[in-house]
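Below is one structure; the comments refer to it alone.
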Number of protein chains: 2
Amino acid sequence: MHDLDQMPGHLIRRLQQIAVAVFHAEVEAVGFDMTPVQFAALVRVSENPGIDQITLAGLIAYDRTTIAGVVDRLVQKGFLSRAVSEKDRRAKVLHMTDTGNEALTRLRPAVDKAQDVMLSGLDRQEAEDFMRLLHKATEAVNGLSRAPLRSASKAAEKT
Amino acid sequence: MHDLDQMPGHLIRRLQQIAVAVFHAEVEAVGFDMTPVQFAALVRVSENPGIDQITLAGLIAYDRTTIAGVVDRLVQKGFLSRAVSEKDRRAKVLHMTDTGNEALTRLRPAVDKAQDVMLSGLDRQEAEDFMRLLHKATEAVNGLSRAPLRSASKAAEKT
DNA sequence: TTAAAATTGACAGCATGCTGATTATCAGTA
DNA sequence: TACTGATAATCAGCATGCTGTCAATTTTAA
C-alpha cells in the first residue's frame, strides 16, 4: 500500500484542510473572523459557564499549551471574560459576554452551512455512514494524542 | 444540529490530530524525526525526480508558501537536493539523495503501520467504506481550498 | 505539619497552513 | 524590441498544535 492517495492519514489531512477553508468562507460571509477552534471553544464555554481552561481543553481535545492562545483571542474580541477562580487561585474561569452570546447566535447558521458544504459530495445515507465511522474511528484511538478528549464530569458553574 | 460532537468539521479535526500523533510515534519508533507532510513530499519527489516546488505542492495540495519550509527541512536533513532549473531560472528542481532513498525505504513500514493504527477502531469492511467515503467527500470539494490537489500532468524528469 | 506530588497556566521554540506582498524570471503581444 | 501579464519562489505575519520547561498553587502523603 504505497500509494499516498490511499493512505488514510493523507486523505484525513486533506479533508481537514478543506474543512477549515470552508468554515472560514461561510463565517466570513456573515461578517465574522473566527477559526473552527475558536468557535468550538466558544460553544463549550456557553455550555459550561465558569469552566476553567484545562477542563475546556479536555472537552474539545486541545493541548493545554494551545488553549491559552485561543482563549486570549476570544477575550480580545470581547466574546469571553477570564478571571482568576476564587476557589483555586491557579485556575482561570471563563464566562461568555453579551457580545459573545450574540456572536454565537449569528454564527451558528453559518457553521451549520459549512458542515453541509464539507460533505456535499456525499448523499444523505453516505454522510450518515461517514459520520458514524468517523465517530467510531476517533473514539478507538482517542488516547493516542497528547490532548485526549475528556468528558465534562466536573464542568463548573461558579465564579 | 448544535452538538459539536456531531459536526463533521470537529470530528475531522480530531481524527487528523490523532493521525499526526500516531504517525510521529511510529516513525520515532524506527529512529526518525519526520512529519506526515515531510513524508508525503519525499514520496512525491521520489516518484517525480526533478520536479519543481510548485508542481510538488499541487501533487499533495500544499500551499505554495508552505512547501518552501517543508523542502528546506528535507534538504537540511540531507534527504533532498535542490537546484536552480536550467530551463527556467525561476524554478528550483528537487531530487532524492541516497540518504533520502534509504530513509524512505526504512520509513515505509512504519508509515504503513501508522495507517493501520489510525483505523484500528474499524473492521475491514468499515475501513474500506470509510476510505471510499473519504475519497468521495474530498474530491467533491477539492477546489474550495487555496491549495487544491493538481494532477501531475507535466511532472518533470530533468535537471 | 511538613515534604512530595499533582495541577493550572504560561513560556520558548518548532512545524504546518493560511493571507497578502514582493522579487526575479519567463512568455506573449503590440 | 519593449511592454504586459503570468509564473516560481520567498518573505512577513498570524493561528493552530506540538515538545519541553517553569512558576505558582493545591492536594496528598509521610
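Keep in mind the model is a prediction, meaning the values are calculated, not measured. These numbers come from the heavy atoms of this one structure, side chains and all, not from hydrogens, waters or symmetry mates. Order of the sequence lines fixes the chain letters, A, B, ..., with proteins taken first and strands second; residue numbering starts at 1 for each chain.
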- Give the C-alpha distance, both sets of side-chain angles, the deciding distance and a yes or no for salt bridge (charged side-chain N to carboxylate O under 4.0 Å, His left out) between Asp5(B) and Arg44(A). CA-CA 11 Å; Asp5(B) 293 322; Arg44(A) 286 303 191 220; 3.3 Å; yes
Report, one pair per line, the protein and nucleotides 26-28 of chain D atoms (nitrogen or oxygen only) whose separation is under 3.5 Å.
| unit_1 | atom_1 | unit_2 | atom_2 | d |
| --- | --- | --- | --- | --- |
| dT26(D) | OP1 | Arg89(A) | N | 3.1 |

- Item | Base-contact (B) and sugar-phosphate-only (S) positions in nucleotides 11-16 of chain C, heavy-atom cut-off under 4.0 Å, - elsewhere | B---SB
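- The salt bridge (charged side-chain N to carboxylate O under 4.0 Å, His left out) check on Asp123(B) picks up nothing, with sequence neighbours excluded.
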Give every donor-acceptor pair under 3.5 Å between a side-chain atom in residues 24-31 of chain B and any protein atom, sequence neighbours left out.
| unit_1 | atom_1 | unit_2 | atom_2 | d |
| --- | --- | --- | --- | --- |
| His24(B) | ND1 | Val20(B) | O | 3.3 |

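- Residues satisfying the ring-ring contact (aromatic ring centres under 6.0 Å, His included) criterion with Phe130(B), sequence neighbours excluded, are Phe130(A).
- Nucleotide dC18(D) holds its P atom 15 Å from the CD atom of Glu28(B), rounded to whole Å.
- Summarising the geometry, the separation between CG on Asp52(B) and C1' on dT25(C) is reported as 14 Å, rounded to the nearest angstrom.
- In terms of the side-chain contact (heavy atoms from CB on, under 4.5 Å) criterion, residue partners of Ala57(B) (sequence neighbours excluded) are, by chain and number, Tyr62(B), Ile67(B).
- Ion pair Lys136(A)/Asp129(B) not flagged as a salt bridge, since none of the NZ, NE, NH1 or NH2 atoms sits closer than 4.0 Å to an Asp/Glu carboxylate oxygen.
- Rounded to whole Å, atom P of dG17(C) lies 13 Å from atom CD1 of Ile12(A).
- For Ala68(A), the side-chain contact (heavy atoms from CB on, under 4.5 Å) test picks out Gln53(A), with sequence neighbours left out.
- With sequence neighbours left out, the side-chain contact (heavy atoms from CB on, under 4.5 Å) criterion links Val43(A) to Phe39(A), Glu47(A), Leu104(A), Arg108(A), Leu4(B).
- Counting only residues at least two apart or on different chains, the side-chain hydrogen bond (donor to acceptor under 3.5 Å, both in side chains) pairs with a member in residues 67-76 of chain A are Asp72(A)-Arg82(A).
- To the nearest angstrom, C1' of dT10(D) lies 16 Å from CG of Leu56(B).
- Note: CD (Gln17(A)) to P (dT19(C)) measures 10 Å, nearest angstrom.
- Nucleic acid contact for Ala21(A): none, since no nucleic acid atom lies under 4.0 Å from a heavy atom of the residue.
- In this structure, Ile67(B) atom CD1 and dC18(C) atom C1' are separated by 14 Å, rounded to whole Å.
- Note: CD (Gln53(B)) to C1' (dC11(D)) measures 14 Å, nearest angstrom.
- The nearest whole Å value for the distance from the CG atom in Asp63(B) to the P atom in dC11(D) is 15 Å.
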